[in-house]
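Worksheet: one structure, shown below.
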Amino acid sequence: MRSSRYSASSGGRERHVRTKKGKKKTDAQNLWFLHWLMAACFLVLFATGAYMTDLPEEVTYGESLYGFHKTLGVVVMSILLARIFVLLRVIQHKYRRRQPNLTGEWLKTFAFHTVLYIFMLFVPLSGYFCSNSHGYDVVIFGTGIALPDLFPENKALADFSTSLHFWLSYTFLATIAVHAIDQWKYLRAQTRRLYKALISQKSKKGLGRRD
């Protein structure tokens, strides 16, 4: 009886652990999905923003392109809120039973990602500021629905808001480039480790067969 009780208890505990692990994996997967979704959105924002810089006023699709660009900026801010929520859940699960190891590398990574998140918020927000200060509404693309103004119309700040949005955007783009290079180095190192591990495993299997 004791053995069966222990088995049932152990099995229940194992299922509980599996459920918790599955939950962690789901949160991590959601965070990864939101990461690449935002990356795709920002890629489109940078491309359309750069294209609109020298866009002639007489083109017929200019207003639609501006509307699409502004709407995507609002969408990015909405996705960012979801991403922060999921990130906090992942952090909560990861550090529930242990504190982070506050090494220099950890602090550097934390600071750099904090800067990325600040840019993710302030780049689209500066675009909103730019539109409102020039006296333009942020209209949801294809609907004609204008979102509430977050900033008052201010012609004195119009040029400043344009410059602010421009420089924040390109500084963010440079930061993304640094992040991409850093991640590429990390992925290369991980690939080399995996390749060496596979070669080592194959060598051991070959020696075992010979014996």
Side-chain angles (χ1 to χ4, degrees), residues 26-90 111-184 187:
T26 301
D27 285 339
Q29 286 176 338
N30 288 337
L31 188 62
W32 195 243
F33 169 75
L34 291 171
H35 170 276
W36 286 110
L37 179 62
M38 287 192 71
C41 288
F42 272 114
L43 180 63
V44 176
L45 282 171
F46 285 131
T48 54
Y51 180 73
M52 289 188 305
T53 303
D54 298 320
L55 190 67
E57 294 184 4
E58 61 269 13
V59 295
T60 55
Y61 56 86
E63 188 175 346
S64 298
L65 187 58
Y66 273 100
F68 172 76
H69 183 81
K70 293 177 185 180
T71 303
L72 191 56
V74 173
V75 169
V76 161
M77 287 192 285
S78 303
I79 297 173
L80 178 61
L81 291 176
R83 183 173 175 178
I84 291 172
F85 174 76
V86 176
L87 176 64
L88 291 175
R89 285 174 59 88
V90 171
F112 188 77
H113 280 81
T114 301
V115 170
L116 283 172
Y117 273 82
I118 289 172
F119 274 122
M120 286 179 215
L121 174 62
F122 281 97
V123 167
L125 196 61
S126 67
Y128 211 118
F129 172 51
C130 183
S131 290
N132 286 169
S133 62
H134 278 86
Y136 296 116
D137 291 325
V138 176
V139 180
I140 299 176
F141 180 71
T143 65
I145 300 172
L147 296 176
D149 289 343
L150 298 181
F151 306 95
E153 181 180 350
N154 191 331
K155 297 298 182 183
L157 290 176
D159 290 339
F160 168 75
S161 66
T162 302
S163 297
L164 179 67
H165 185 52
F166 176 87
W167 287 111
L168 278 177
S169 299
Y170 281 97
T171 306
F172 183 34
L173 186 59
T175 309
I176 291 172
V178 172
H179 177 60
I181 293 168
D182 184 59
Q183 290 301 302
W184 175 246
L187 288 173

Q. For Phe151, does the CZ atom sit with more than 12 other heavy atoms under 6.0 Å from it, leaving out its own atoms?
A. yes

Q: Apply the test side chain to side chain contact (heavy atoms under 4.5 Å, CB included) to residues Ile84 and Leu80: give CA-CA distance (whole Å), side-chain angles for both, the deciding distance (0.1 Å), then the verdict.
A: CA-CA 6 Å; Ile84 291 172; Leu80 178 61; 4.0 Å; yes

Can you give each donor-acceptor pair under 3.5 Å made by side-chain atoms of residues 161-169, sequence neighbours left out, with the distance rounded to 0.1 Å?
residue	atom	partner	partner atom	Å
Ser161	OG	Ser133	OG	2.8
Ser161	OG	Leu157	O	3.3
Ser161	OG	Ala158	O	2.6
Thr162	OG1	Ala158	O	3.1
Ser163	OG	Asp159	O	3.3
His165	ND1	Val123	O	3.2
His165	ND1	Ser126	OG	2.8
His165	ND1	Gly127	N	3.2
Ser169	OG	His165	O	2.6

Q) To the nearest 0.5 Å, what is the distance between CG (Asp137) and OH (Tyr128)? A) 8.5 Å

Q | Non-hydrogen atoms of Val76 and Cys41 that approach each other most closely | A | CG2-CB, 3.5 Å

Q: Kindly determine whether Phe160 and Asn154 satisfy side chain to side chain contact (heavy atoms under 4.5 Å, CB included), including the steps that lead there.
A: CA-CA 10 Å; Phe160 168 75; Asn154 191 331; over 6 Å; no

Q | Heavy-atom closest pair, residues Val139 and Thr71 | A | O-OG1, 3.2 Å

(Q) Testing Phe112, Tyr170, Phe172 one by one against Phe119 for a ring-ring contact (aromatic ring centres under 6.0 Å, His included), which residue passes? (A) Phe172

Q: Answer yes or no: are there more than 12 heavy-atom neighbours, outside Tyr117 itself, under 6.0 Å from its atom OH?
A: yes

**Q.** Nearest-0.5 Å distance, CG of residue Leu45 to CE of residue Met52
**A.** 8.5 Å

**Q.** Spacing of His134 atom NE2 and Phe129 atom CZ [to the nearest 0.5 Å]
**A.** 10.0 Å

(Q) Give me the atom names and distance for the closest heavy-atom approach of Pro124 to Met77. (A) CG-CG, 3.5 Å

Q) Quick one: CG on Leu173 to CZ on Phe42, what's the gap to the nearest 0.5 Å? A) 11.0 Å

Q | Distance-minimising heavy-atom pair for Arg83 and Leu34 | A | CA-CD1, 3.6 Å

Q) Is the count of non-hydrogen atoms from other residues, nucleotides or ligands lying under 6.0 Å from Phe122 atom CZ greater than 12? A) no

Q: Tell me, with the steps shown, if Phe141 and Leu72 meet side chain to side chain contact (heavy atoms under 4.5 Å, CB included).
A: CA-CA 9 Å; Phe141 180 71; Leu72 191 56; over 6 Å; no

Q) To the nearest 0.5 Å, what is the distance between OG1 (Thr26) and CZ (Arg89)? A) 9.5 Å

Q: Please tell me if the side chains of Leu150 and Leu125 come closer than 4.5 Å, counting only heavy atoms from C-beta onward.
A: yes

Q | Point-to-point distance, once rounded to the nearest 0.5 Å, from CG of Asp27 to CG of Leu87 | A | 10.5 Å

